[in-house]
Engineer: 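Okay, here's the structure, questions in a sec.
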Amino acid sequence: QVQLVESGGGLVQAGGSLRLSCAAAGMIFSINAMGWYRQAPGKERELVAIVTRGGSTNYADFVKGRFTISRDNAKNTVYLQMNSLKAEDTAVYYCYAIGSRSWGQGTQVTVSS
């Protein structure tokens, strides 16, 4: 019932930056928080960051100080600003509507060393 459309992934050199976007559509009334997750080949999907409707944020330790999650409630869009990227940040990044348990299609982020 919730559709998530992601954009912004790509190839970047270590130390560079990317900005991911995720726009939500459909039955969005149940979306109280949005999250970004990532999954590297051969690894489990892991939480990167969460933002609530009120703007509270939480980050995984491995991105704290480098990534910033934000939300534009009027546009039903969540962003992930990624700075100081490392090769180990290479993964498919997924947008997740926590209240609706809906996933985006994923967007590939590749960081070259």
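Remember, predicted model here, so these are calculated numbers, not experimental data.
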Engineer: Check for me whether the distance between the ring centres of Tyr96 and Tyr37 falls short of 6.0 Å.
Structural biologist: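 Yes: the rings meet the under 6.0 Å criterion.
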Engineer: Check whether any side-chain heavy atom of Tyr93 sits under 4.5 Å from a side-chain heavy atom of Gln108, and report yes or no.
Structural biologist: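 Side-chain contact under 4.5 Å: no.
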Engineer: Is the closest side-chain heavy-atom distance between Tyr79 and Arg71 below 4.5 Å?
Structural biologist: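 They are not in side-chain contact.
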Engineer: Taking the side chain as every heavy atom from C-beta outward, state whether Ile50 and Met34 have any pair of such atoms under 4.5 Å apart.
Structural biologist: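 A side-chain contact under 4.5 Å is absent here.
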Engineer: With a 4.5 Å cut-off on side-chain heavy-atom distances among I, L, V, M, F, W and Y, is there a chain of contacts connecting Met82 to Phe62?
Structural biologist: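 Met82 and Phe62: one cluster.
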Engineer: Does the pair Tyr59 and Val48 meet the rule for a side-chain contact (heavy atoms from CB on, under 4.5 Å), with working shown?
Structural biologist: CA-CA 6 Å; Tyr59 297 92; Val48 176; 6.0 Å; no
Engineer: Is there a side-chain contact between Val2 and Arg101 (heavy atoms, below 4.5 Å)?
Structural biologist: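 No. Closest side-chain heavy atoms not under 4.5 Å.
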Engineer: Is there a side-chain contact between Val78 and Val51 in this structure, where contact means two heavy atoms from C-beta onward sitting under 4.5 Å apart?
Structural biologist: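 Answer yes - side chains close enough.
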Engineer: Under a 4.5 Å side-chain heavy-atom rule over Ile, Leu, Val, Met, Phe, Trp and Tyr, are Leu18 and Tyr94 clustered together?
Structural biologist: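 Different clusters.
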Engineer: Start with the C-alpha gap between Glu6 and Gln105, add the side-chain angles, then the distance that decides, and say whether side-chain contact (heavy atoms from CB on, under 4.5 Å) holds.
Structural biologist: CA-CA 7 Å; Glu6 297 161 291; Gln105 80 283 359; 3.2 Å; yes
Engineer: Any carboxylate oxygen within less than 4.0 angstrom of a Lys/Arg side-chain nitrogen, looking at Asp61 and Lys64?
Structural biologist: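 Between Lys64 and Asp61 there is a salt bridge, with a charged N closer than 4.0 Å to a carboxylate O.
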Engineer: Does Asn73 reach the main-chain N or O of Arg53 with its side chain, forming a donor-acceptor pair under 3.5 Å?
Structural biologist: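 A pair under 3.5 Å: yes.
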Engineer: Which atom pair, heavy atoms only, marks the closest approach of Asp89 to Arg38?
Structural biologist: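 Taking every non-hydrogen atom into account, OD1-NH1, 2.9 Å.
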Engineer: What I'd like to find out is whether the side chain of Val109 reaches to under 4.5 Å of the side chain of Val92, using heavy atoms alone.
Structural biologist: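 Of all side-chain heavy-atom pairs linking Val92 with Val109, none is under 4.5 Å.
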Engineer: Taking Ala87's backbone N and O only, do any of them form a donor-acceptor pair with Thr90's side chain (distance below 3.5 Å, no angle check)?
Structural biologist: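 Yes.
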Engineer: Within the side chain of Gln81, is there an N or O that forms a donor-acceptor pair under 3.5 Å with the backbone of Ile69?
Structural biologist: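 Checking the backbone N and O of Ile69 against the side chain of Gln81, no donor-acceptor pair under 3.5 Å is found.
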Engineer: Can you tell me how far CG of Asn32 sits from OG of Ser100, rounded to the nearest 0.5 angstrom?
Structural biologist: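 Reported value, rounded in 0.5 Å steps: 8.5 Å.
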Engineer: Show me, pair by pair, the donor-acceptor contacts under 3.5 angstrom made by side chains of residues 9-17, not counting sequence neighbours?
Structural biologist:
unit_1	atom_1	unit_2	atom_2	d
Ser17	OG	Asn83	OD1	2.8

Engineer: Looking at Ala24, is its backbone amide N or carbonyl O close enough to the side chain of Gln3 to form a donor-acceptor pair, meaning the two atoms are under 3.5 Å apart?
Structural biologist: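 Such a contact is absent between Gln3 side chain and Ala24 backbone.
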Engineer: Should Trp103 and Ile98 be regarded as members of a common hydrophobic cluster, given that ILVMFWY residues are connected when their side-chain heavy atoms come within less than 4.5 Å of each other, either directly or indirectly?
Structural biologist: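 Yes, it is one cluster - the side chains of Trp103 and Ile98 are joined through contacts under 4.5 Å.
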Engineer: OG of Ser113 to CG of Leu85: how many Å apart, nearest 0.5 Å?
Structural biologist: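 Between atom OG of Ser113 and atom CG of Leu85 there are 12.5 Å.
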